[in-house]
Amino acid sequence: MIIFHGTGQRVESEKLQYHAGVIVEFNPTAYMNDGLFERYITNYLIPVLGGWPTLFVLNLMGSHKTPTVLDILRKNNITPSLIPGGCTSLVQPLDISVNKPFKDLIRDLTDECIFELESTEEFERWTVRNRHIMTTHCVGDAFYKFHSEKASIICTSFRKVGLSLLVDGSLDGELDIKGFTGLEIGNWQQDLGSVDDSADVRSEEDHEVEFVSGFE
């Protein structure tokens, strides 16, 4: 999903030229908010999961942990796993291994596209619409290229922090979290205990969400 700055009121003809694998949304802040995140979960995530039990890892951004979002997740057999404040660099697989090479790939594709355009007269008449379209294609192409060529990086990063390991603890030896040695989780399902719904969840990372900004 790409969130562009603006209202999106003039994008109907523009939409036809977006990359087919990219979801585009607009809002005045180019920022994920409560309503947009609820729509993302309901319209795009839940249909793909098909009701299968799912672990959904989230940082502490405010829109990720509203009562409405948590209720939607619970009703659809999705267990939220909130990364504690200060632990993103340790157990957030995207930040650990994926984001940097993925963004580098987006940058390379964007540079190539701009270089090609600068060599034509069309570049002088390049509009906001053109920028939106180009951005969707660069992000979409980078996504599929990264999944095709770097699939092992994605799988390894999720296994290292335990998100894709068997819940019975038999593969705990694969855990590899920076600064920790000899980690052993065991079968966490044997003693789930109770959850304190009144626990205060810190929101110190709310301001750290990244986005792709367009032009008004």
Side-chain angles (χ1 to χ4, degrees), residues 1-33 36-37 39-41 43-45 47-48 56-59 61 63-64 83 88-161 163-164 178 205-216:
M1 176 183 283
I2 298 175
I3 306 174
F4 286 124
H5 182 268
T7 62
Q9 294 178 348
R10 303 183 301 276
V11 298
E12 288 306 318
S13 60
E14 186 179 305
K15 285 181 179 179
L16 298 176
Q17 299 183 63
Y18 289 162
H19 190 287
V22 173
I23 302 166
V24 175
E25 295 282 355
F26 286 79
N27 69 38
T29 60
Y31 197 84
M32 182 65 79
N33 56 35
L36 182 53
F37 190 59
R39 189 159 69 252
Y40 171 77
I41 294 173
N43 294 348
Y44 303 107
L45 180 64
V48 170
F56 190 21
V57 181
L58 304 158
N59 62 23
M61 180 181 174
S63 60
H64 289 172
I83 298 174
T88 297
S89 63
L90 300 176
V91 294
Q92 162 58 288
L94 300 184
D95 284 333
I96 291 172
S97 305
V98 175
N99 283 348
K100 185 181 185 304
F102 178 59
K103 290 176 181 178
D104 288 344
L105 184 54
I106 293 176
R107 184 179 298 108
D108 290 343
L109 292 174
T110 302
D111 288 345
E112 290 176 11
C113 185
I114 292 175
F115 179 77
E116 292 176 2
L117 284 168
E118 286 179 335
S119 63
T120 68
E121 294 180 359
E122 291 295 323
F123 184 71
E124 295 181 1
R125 297 191 294 273
W126 218 37
T127 64
V128 174
R129 166 193 172 120
N130 296 132
R131 294 187 181 100
H132 287 164
I133 294 169
M134 181 204 71
T135 300
T136 69
H137 282 272
C138 290
V139 172
D141 290 345
F143 180 86
Y144 288 104
K145 185 177 178 65
F146 192 86
H147 274 255
S148 174
E149 299 178 359
K150 307 290 185 180
S152 60
I153 292 178
I154 300 172
C155 294
T156 299
S157 63
F158 275 77
R159 295 181 73 84
K160 280 186 175 183
V161 299
L163 293 174
S164 296
K178 183 172 60 178
E205 294 181 9
D206 288 2
H207 63 286
E208 297 179 357
V209 179
E210 297 185 1
F211 56 87
V212 177
S213 179
F215 297 82
E216 193 170 20

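Numbering starts at 1 and runs along the sequence shown.
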Ignoring hydrogens and geometry, is there a side-chain-to-backbone donor-acceptor pair from [X] to [Y] under 3.5 Å?
X      : Y      : value
Asn130 : Thr127 : yes
Thr136 : Ile133 : yes
His132 : Lys15  : no
His5   : Thr29  : no
Asn27  : Tyr31  : yes

Rounded to the nearest 0.5 Å, what separates atom [atom1] in [X] from atom [atom2] in [Y]?
X      : Y      : atom1 : atom2 : value
Met61  : Asn33  : CE    : CG    : 7.5 Å
Phe158 : Leu94  : CZ    : CG    : 5.0 Å
Tyr18  : Ile2   : OH    : CD1   : 9.0 Å
Ile83  : Leu58  : CD1   : CG    : 8.0 Å
Glu112 : Ile114 : CD    : CD1   : 11.0 Å
Met134 : Leu109 : CE    : CG    : 10.0 Å

Contact between [X] and [Y] at the side-chain level, heavy atoms closer than 4.5 Å - yes or no?
X      : Y      : answer
Glu149 : Leu105 : no
Ser97  : Thr156 : no
Thr135 : Phe4   : yes

Legend entry - From CA spacing to verdict: side-chain contact (heavy atoms from CB on, under 4.5 Å), Val139, His19: CA-CA 8 Å; Val139 172; His19 190 287; over 6 Å; no
Inset, instruction - Please indicate whether Phe146 has more than 12 foreign heavy atoms, meaning atoms of other residues, nucleotides or ligands, lying under 6.0 Å from its CZ. - result: yes
Inset, instruction - Only counting residues at least two apart or in another chain, list the ones meeting salt bridge (Lys or Arg N to Asp or Glu O under 4.0 Å) with Asp104. - result: Lys100, Arg107
Legend entry - Set of salt bridge (Lys or Arg N to Asp or Glu O under 4.0 Å) partners for Lys150, sequence neighbours left out: none
Inset, instruction - Test Met1 against Leu36 for side-chain contact (heavy atoms from CB on, under 4.5 Å), laying out the working first. - result: CA-CA 11 Å; Met1 176 183 283; Leu36 182 53; 4.3 Å; yes
Legend entry - Considering all heavy atoms, the nearest Arg39-Glu25 contact: NH2-OE1, 3.0 Å
Legend entry - For the student: nearest non-hydrogen atoms of Arg129 and Ser13, plus distance: NH1-OG, 3.0 Å
Inset, instruction - Using the side-chain contact (heavy atoms from CB on, under 4.5 Å) rule, take Ile96 and Lys160 through it: C-alpha gap first, then chi angles, then the decisive distance, then the call. - result: CA-CA 10 Å; Ile96 291 172; Lys160 280 186 175 183; 5.9 Å; no
Inset, instruction - Describe, in one word, how the ring planes of Phe37 and His64 are oriented to each other, choosing from parallel (under 30°), tilted (30 to 60°) and perpendicular (over 60°). - result: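 Plane angle between 30° and 60°, so tilted.
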Legend entry - With sequence neighbours excluded, residues passing ring pair (Phe, Tyr, Trp, His ring centres under 6.0 Å) with Phe56: none
